[in-house]
A.B. asks: 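Have a look at this one.
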Amino acid sequence: MTRDITVTINGEQHTVAVEPRLLLVHLIREKLNLTGTHIGCDTSSCGACTVLINGKSAKSCTILAVQADGASITTIEGVGTPEALHPLQEGFRECHGLHCGFCTPGMIMRAMELLEKNPNPTEEEIRWGIAGNLCRCTGYNNIVKAIQYAAAKLRGEETPSTEPEFV
Amino acid sequence: MSTYAFDYARAQSVDEALTLLAGHDGEARLLAGGHSLIPAMKLRLTAPTLLIDVSGLEDLAAVTLDGGHLAIGALTTHRAVETSELVRTHCPALAEAAAGIGDPQVRNRGTIGGSLAHADPAADYPALVLALDAEIEMTSRDGTRTVSADDFFVDMYTTALAAHEMITRVRIPVLGHGEGAAYAKFANPASRYAVVGVAAKVSLADGTCRAARVAVTGAAPKAFRATAVERRLAGRPLTEAVIAEAVRGLADPNELLSDLSGSAEYRAHLCEVMATRALREAAARAA
Ligand SMILES: Cc1cc2nc3c(=O)[nH]c(=O)nc-3n(C[C@H](O)[C@H](O)[C@H](O)COP(=O)(O)OP(=O)(O)OC[C@H]3O[C@@H](n4cnc5c(N)ncnc54)[C@H](O)[C@@H]3O)c2cc1C
Ligand code: FES
Ligand code: FES
């Protein structure tokens, strides 16, 4: 028993027949082949599946595709290009904000909304702001720096030092 | 596939949602933020045959000031409660509790109505609505009724809500002069659910406590009021010594939950600590 839904993903409209029980993350990864959005836990805990739904960060493993009917979704594929990285992507690269990279798409999608709402966050606001995203590699310090780097760049300020921190 | 199969309908009005609900004889469930229901369905703990998506009912997603009450629509997200100027002004403890739910992504989706209807023993709002003496408005095709928070929570995941009813609003008396409220939670470090959370509301006159309401979540199968503590505070100045004496023995470990987050004895201890913190802060705000 499928139904047609229409979603705009990264600016492109798709009409897809889905079963009501299909999760949004499966629509994105398996039907639309956008595999930048990851599944880390499948239990709403890790944030690897974070996408923007009408500008709001959400865990796409805990949302049905049918709930997103009519919505505008941004995934990591819709952020920057290899030639012109988004300041967050640049920040993660410059500040060593990733090791294995599995959490990175979710971290970046979450940080997009964080910086949109709060362009000049304190370190504490960044740490609470990414509380729904787990990273098993970095220890978070360089992720915080990456977001600070992007925040400064988006504000048009000089970017902070990108020396990695080894703890 | 992650869940059993089901059908899905997006309700355009409360009436439509109620008609669908009534027509499915307990087999249909409302879907609000989905952040308790979808995880439960993935665990195959529940298998509704129809989900009625009410998240688009904008009328029920607003906070208004209605006489001496804050009226919070059932579909108001945790994020909207956290950032509402009305809530921050008239009941900051509620905004603070909302800000401590889960994580930002969870708060973008989850709703106050969904949280109350789900009645998770570790959820935050149950303690708040009990301490703040809220009323929960529910509607069905038979009409609308209002139940006080005191009568709403029945047991773990069980409330006064009938299968064909929908929560429409939560009405919370605004804090008056000399009143203060606060919430103190010991959160599970991973999920942020309450291992123990205590909400307190006090009203002071001439430095003396006229009345106090103290409610605990996370500790027991359902949120409950610590009425003995409330009685011991009435008529006394809220000094550290009075609070310490009043909260002693707040909960009996034999009635508390024991799980990976903490033993019943540990939770009983946390009840006293969190009640002390909530009362101290509520008293400071009331003064
Ligand atoms: C990772 C994670 C962390 C979390 N941490 C916390 C936390 O720290 N504290 C906390 O309190 N909660 C926490 N939660 C739960 C979260 O707050 C949920 O959003 C909330 O419990 C349910 O609200 P919902 O809108 O998502 O409801 P749904 O999941 O849509 O629905 C839950 C139940 O309520 C029913 N329902 C929904 N709306 C209504 C209505 N208007 N009338 C009648 N019935 C209705 C549904 O049919 C269903 O049975 C967490 C959840 C996750 C996934
Ligand atoms: S995969 Fe969605 S939160 Fe982990
Ligand atoms: S870089 Fe490996 S999980 Fe974050």
Side-chain angles (χ1 to χ4, degrees), chain A residues 1-3 5 18-27 30 39 41-71 106-107 109-118 121 125-134, chain B residues 1-12 28-56 77-80 82-83 96 99-111 114 120 187-193:
Chain A
M1 191 176 22
T2 64
R3 50 193 287 142
I5 62 164
V18 300
E19 257 195 85
R21 61 176 165 169
L22 185 76
L23 297 173
L24 178 60
V25 71
H26 291 139
L27 170 75
E30 290 164 20
I39 302 175
C41 65
D42 197 24
T43 54
S44 327
S45 306
C46 75
C49 63
T50 301
V51 300
L52 299 182
I53 303 181
N54 298 328
K56 291 182 181 167
S57 54
K59 294 177 176 176
S60 61
C61 74
T62 311
I63 295 171
L64 305 168
V66 283
Q67 288 177 281
D69 191 8
M107 287 284 180
M109 298 321 292
R110 172 59 207 137
M112 296 271 287
E113 188 195 11
L114 172 68
L115 295 183
E116 162 82 28
K117 300 249 159 77
N118 181 359
E125 284 167 343
I126 294 175
R127 287 187 183 273
W128 282 113
I130 56 168
N133 295 72
L134 300 181
Chain B
M1 284 287 177
S2 305
T3 71
Y4 293 115
F6 55 83
D7 207 352
Y8 170 89
R10 203 177 269 196
Q12 307 298 335
R29 296 285 278 280
L30 299 175
L31 176 67
H35 271 49
S36 288
L37 185 54
I38 294 172
M41 289 172 66
K42 284 177 159 188
L43 293 169
R44 305 205 176 210
L45 293 173
T46 178
T49 55
L50 171 68
L51 291 189
I52 305 161
D53 189 345
V54 289
S55 62
T77 60
H78 308 328
R79 168 78 187 163
E82 167 187 356
T83 54
E96 290 156 11
I101 295 176
D103 58 53
Q105 290 96 314
V106 170
R107 297 197 292 278
N108 273 344
R109 303 290 301 183
T111 67
D120 191 302
N188 176 301
S191 71
R192 310 311 295 171
Y193 271 111

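Computed over heavy atoms, backbone and side chain alike; hydrogens, waters and symmetry mates excluded. All chains are named by letter (A, B, ...) in the order of the sequence lines, taking the proteins before the strands, and each is independently numbered beginning at 1.
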A.B. asks: So, for B/F6 and A/M1, which heavy atoms are closest and what is the spacing to 0.1 Å?
C.D. replies: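 That would be O-CE, 4.3 Å.
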A.B. asks: Which of the residues B/R192, B/R79, B/R109 is involved in the greatest number of heavy-atom pairs with chain A at under 4.5 angstrom?
C.D. replies: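 The answer is B/R109.
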A.B. asks: With the side chain counted from C-beta on, respond yes when A/I53 and B/N108 share a heavy-atom pair under 4.5 Å apart, and no when they do not.
C.D. replies: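 Of all side-chain heavy-atom pairs linking B/N108 with A/I53, none is under 4.5 Å.
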A.B. asks: Name the region of B/T3, side chain, backbone, both or neither, that has any atom closer than 4.5 Å to a heavy atom of chain A.
C.D. replies: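 For B/T3, backbone and side chain are both near chain A.
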A.B. asks: Under a 4.0 Å N-O cut-off, is there an ion pair linking B/D103 with A/R110?
C.D. replies: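 Salt bridge between B/D103 and A/R110, a charged N being under 4.0 Å from a carboxylate O: no.
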A.B. asks: For atom CD of A/E116, is the number of surrounding heavy atoms from other residues, nucleotides or ligands below 6.0 Å larger than 12?
C.D. replies: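 It does not: A/E116 CD has 12 such atoms or fewer within range.
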A.B. asks: Could you check whether any side-chain heavy atom of A/Q67 comes within less than 4.5 Å of a side-chain heavy atom of B/Y8, counting everything from C-beta outward?
C.D. replies: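 Result yes, sub-4.5 Å side-chain heavy-atom pair found.
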A.B. asks: Which region of A/T62, side chain (C-beta onward) or backbone (N, CA, C, O), has a non-hydrogen atom less than 4.5 Å from a non-hydrogen atom of chain B, or is it both or neither?
C.D. replies: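 When you check distances to chain B, atoms from both the backbone and side chain of A/T62 fall under 4.5 Å.
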A.B. asks: When rounded to the nearest 0.5 angstrom, what distance separates OG1 in B/T83 from NZ in A/K117?
C.D. replies: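 With rounding to 0.5 Å, OG1 (B/T83) is 8.5 Å from NZ (A/K117).
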A.B. asks: What residues of residues 29-41 of chain B sit under 4.5 Å from chain A when you count only heavy atoms?
C.D. replies: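 At a heavy-atom separation under 4.5 Å, chain A is reached by B/L31, B/A32, B/G33, B/G34, B/H35, B/I38, B/P39.
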A.B. asks: Using non-hydrogen atoms and a 4.5 Å limit, figure out which bit of B/L43 sits close to chain A: side chain, backbone, both or neither.
C.D. replies: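 Neither; nothing under 4.5 Å.
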A.B. asks: CD of B/Q105 to SG of A/C61: how many Å apart, nearest 0.5 Å?
C.D. replies: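 Separation between the atoms: 10.0 Å.
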A.B. asks: Once you round to the nearest 0.5 Å, how far does CZ of B/R10 lie from CZ of A/R3?
C.D. replies: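 The CZ atom of B/R10 sits 8.0 Å away from the CZ atom of A/R3.
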A.B. asks: Could you check which of B/V106, B/D7, B/D53 has the highest count of heavy-atom pairs closer than 4.5 Å to chain A?
C.D. replies: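 Highest number of heavy-atom pairs under 4.5 Å: B/D7.
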A.B. asks: Pick out which of A/L22, A/L64, A/L23 makes a side chain to side chain contact (heavy atoms under 4.5 Å, CB included) with B/S2.
C.D. replies: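 Answer after filtering A/L22, A/L64, A/L23: A/L23.
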A.B. asks: Could you grab the distance from atom OG1 of A/T43 to atom NZ of B/K42, nearest 0.5 Å is fine?
C.D. replies: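 Between A/T43 OG1 and B/K42 NZ, I get 7.0 Å after rounding to 0.5 Å.
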A.B. asks: Once you round to the nearest 0.5 Å, how far does OG of B/S55 lie from CD1 of A/I63?
C.D. replies: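 One gets 10.0 Å once the value is rounded to the nearest 0.5 Å.
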